[in-house]
Amino acid sequence: MADTNQVYGSGDQKIPALAEKMEKITDRLLRREEQRQAELEKKRIERENASLKQESADYFSSAFQEARQKIEQKMIGVEQVTRSKMIDYFDEISADIQQLQKFVSDSAMFLPSYDIKVAQEAITKLQQAVTEKRDEKMPKKKFTFKSRRKDTGQSEGTVDVDAAKKNVSICAHMAQVISDTGKMECSVSDKKAEKVSLDETEVNGKDVGLFRLVDSVVKVRGSPSALHINSLTNCKVFCGPVPGSIFVDECVNCILVVSCQQLRVHHTTDTQFYLHVTSRAIIEDTTRVEFAPYTWSYVGIDQHFSATGLERKRNTWDDVDDFNWLASDKHSPNWSLIPEKKRVTSWDP
Amino acid sequence: MGLLTILKKMKQKEKEVRLLMLGLDNAGKTTILKKFNGEDIDTISPTLGFNIKTLEHRGFKLNVWDVGGQKSLRSYWRNYFESTDGLIWVVDSADKRRLQDCKQELHSLLLEERLAGATLLVFANKQDLPGSLPSEEIRQALELDEIKSHHWMICGCSAVTGDNLLLGIDWIIDDIASRIFTMD
């Protein structure tokens, strides 16, 4: 504004003086413009830096830690909360965790996968801790249910329904098991105290199933494409190289001498595995199972190994993932290795 | 997906798509992911936890989350729902015994609010196995025609041979892109 005034004010002066003055003013205006631009640029850079900072891993980890500590403190605070406010309090904590989860998901684009994994694990742990705390502070209605059942006829009805449901599920399960046998290309089922031998002409390249056997011994001298072992009790199973998966479900007190690419074990107890596996064995809902390296041999096994392409050198028999034991710092109590002295080295009588 | 998220996506120069891959255990989720990415599939073991891969495909940046499908892990699936653009549901077409299970898990996922805007691709995997059901039968078994809340498609495929993987992924990207990146 001051500049314009001066321009007007200089109207009655001589022309050369005016021109000189004009030049000066234009100069000054230009300089001002440059300064303004520089200022703008500076601000822009500052802003950019700030947003970069928001997207950096450092910012993420500090913000994450802060939020996590806040939640942990709230968890400690649970002790002082009255019973009536307990539900709201836990809801609040859950909401906090969800927010944290969202923060991690949103940041996933620019974080290294290790950081994401660590963050995700931390959140899972928090969630578990909250669930445990909630169960401890506000036990599910187990107790009230029991006391009510005695004095009202209505709840007896529920018990019946439960029992009926159970029956239905057992029936469904039986149907499943029966259909199982149907779909297999080769199967052995419902036998007691028998010795069964299958050779390569019967099993090679087929899905083989062993169902509901008791006190029996099965020897498969060949390589099925997959092997399903369901509901075996006190049995011994020997099998040549399987290029695909072996599924073990609901076995008790068995010895399984098998080799495969993948081993998946569910609902099994007190069972020993003499195992050759090229990826990793997993167990779920399984307890007291033991592992040792594969020790079985028969005439033609080398040929079967090379035909299936199953790598003989790689055997991760001692590296088992327990899906019910997600802690990595402590060994799962559900499985163990058979001490070398106790391992059976020769099977043929 | 909120309006804000859409705006955010529009602003991004790189077209990013977040895909969540779920399904029962042994369906072949990790194998699909690795095969699509051109990695070795011989040493895959059941996924304890999850895998994340960022892939460049047709000018899109795909963030693919592959989460383990074992029963004990399914309760953690919900941790991955947030900001999912597309859900890939993988089915073991040879596992007739658990199709019922598979249907239930899928339909309960579709009720999930945080997945409400996501496109659904069903991969009827393991078509290379002799005992597998064709995708038409899987479609009926999973009652896909009941789904009115999501855009969906079923695609028979084989992760081992790589058949039809591209077809499915291309479809899900196209569908997501037509929803999200229309303003470009």
Side-chain angles (χ1 to χ4, degrees), chain A residues 97-98 101-106 108-109 111-113 116-117 120-121 123-124 127 131 172 175-177 179-180 182-185 205-207 225-226 228 230 243-245 247 261-264 266 277-285 309-311 314 316 319-326 328, chain B residues 2 4-5 8-9 12 14 16-18 20 25-26 28 30-31 40-54 61 63-65 67-76 78-84 92 94-101 114 126 128-133 160:
Chain A
I97 294 180
Q98 258 177 28
Q101 175 69 51
K102 190 172 179 316
F103 176 54
V104 173
S105 312
D106 285 346
M109 292 172 192
L111 282 181
S113 55
I116 298 175
K117 198 177 147 194
Q120 207 63 48
E121 273 168 7
I123 288 176
T124 316
Q127 252 158 357
T131 325
Q176 272 178 4
V177 169
S179 73
D180 252 2
K183 103 177 186 196
M184 290 298 148
E185 295 162 295
K206 290 181 184 164
D207 264 27
S225 64
H228 301 255
N230 279 17
S245 300
F247 304 86
Q261 198 248 324
Q262 283 190 356
L263 175 71
R264 297 172 182 254
H266 296 270
V277 66
T278 55
S279 75
R280 254 181 174 194
I282 69 118
I283 60 172
E284 188 174 36
D285 303 325
L310 202 65
E311 254 189 76
R314 183 166 54 213
T316 50
D319 201 357
V320 180
D321 279 338
D322 181 356
F323 278 71
N324 302 106
W325 192 260
L326 301 179
S328 52
Chain B
L4 202 68
T5 334
K8 214 163 92 188
K9 290 259 166 175
Q12 268 161 3
E14 264 175 311
E16 281 202 13
V17 172
R18 186 175 144 122
L20 177 61
D25 50 296
N26 199 40
T30 310
T31 313
D40 178 30
I41 57 167
D42 291 337
T43 55
I44 296 170
S45 53
T47 309
L48 185 87
F50 62 93
N51 301 306
I52 315 165
K53 283 253 149 62
T54 306
K61 195 171 165 192
N63 289 313
V64 189
W65 293 65
V67 187
Q70 300 287 336
K71 208 165 204 156
S72 45
L73 297 182
R74 290 180 207 158
S75 54
Y76 299 103
R78 57 194 165 84
N79 296 347
Y80 302 87
F81 292 163
E82 209 67 61
S83 46
T84 293
D92 175 354
D95 188 359
K96 295 160 194 155
R97 196 166 61 100
R98 292 197 300 165
L99 273 182
Q100 196 61 23
D101 239 5
R114 282 173 293 166
K126 308 200 184 180
D128 56 306
L129 293 186
S132 66
L133 293 172
V160 174

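Protein chains get the first letters and strands the later ones, always in sequence-line order, with residue 1 at the start of each.
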Before accepting this row, confirm whether a basic side-chain N of the pair [X]/[Y] lies closer than 4.0 Å to the acidic partner's carboxylate O.
X: B:Glu16; Y: B:Lys61; answer: yes
X: B:Asp95; Y: B:Lys126; answer: no
X: B:Asp25; Y: B:Arg98; answer: yes

Sort [X] into side chain, backbone, both or neither according to what part of it lies under 4.5 angstrom from a heavy atom of chain A.
X: B:Asn79; result: both
X: B:Asp42; result: backbone
X: B:Phe81; result: neither
X: B:Thr47; result: backbone
X: B:Ile52; result: side chain

Atom group of [X] that falls short of 4.5 Å from chain B, counting heavy atoms:
X: A:Leu326; value: side chain
X: A:Glu311; value: neither
X: A:Asp322; value: backbone
X: A:Gln120; value: side chain
X: A:Thr124; value: side chain

Largest heavy-atom contact set with chain B, pairs under 4.5 Å, which of A:Glu121, A:Gln98, A:Arg264: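 Most heavy-atom pairs under 4.5 Å with chain B: A:Arg264.
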
Go through A:Gln127, A:Arg314, A:Gln262 and name the one with the most non-hydrogen pairs under 4.5 angstrom from chain B.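 Ranked by heavy-atom pairs under 4.5 Å with chain B, first place is A:Gln262.
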
Do B:Ser72 side-chain atoms and A:Phe323 backbone N/O form a donor-acceptor pair below 3.5 Å? yes

Test your reading of the model: is there a side-chain donor-acceptor pair from B:Thr84 to the backbone of B:Tyr80, 3.5 Å cut-off? yes

A:Asp207 side chain to A:Ser225 side chain, donor-acceptor N/O pair below 3.5 angstrom: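 Side-chain D/A pair, A:Asp207 to A:Ser225: present.
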
Is atom NZ of A:Lys117 surrounded by more than 12 heavy atoms (other residues, nucleotides or ligands) closer than 6.0 Å? no

If the condition is salt bridge (charged side-chain N to carboxylate O under 4.0 Å, His left out), which residues does A:Glu284 pass it with, not counting sequence neighbours? none

Can you tell if the side chain of A:Thr278 reaches within under 4.5 Å of the side chain of A:Leu310, non-hydrogen atoms only? yes

Counting heavy-atom pairs under 4.5 Å with chain A, which one of B:Asn63, B:Thr54, B:Asn51, B:Leu73 comes out on top? B:Leu73

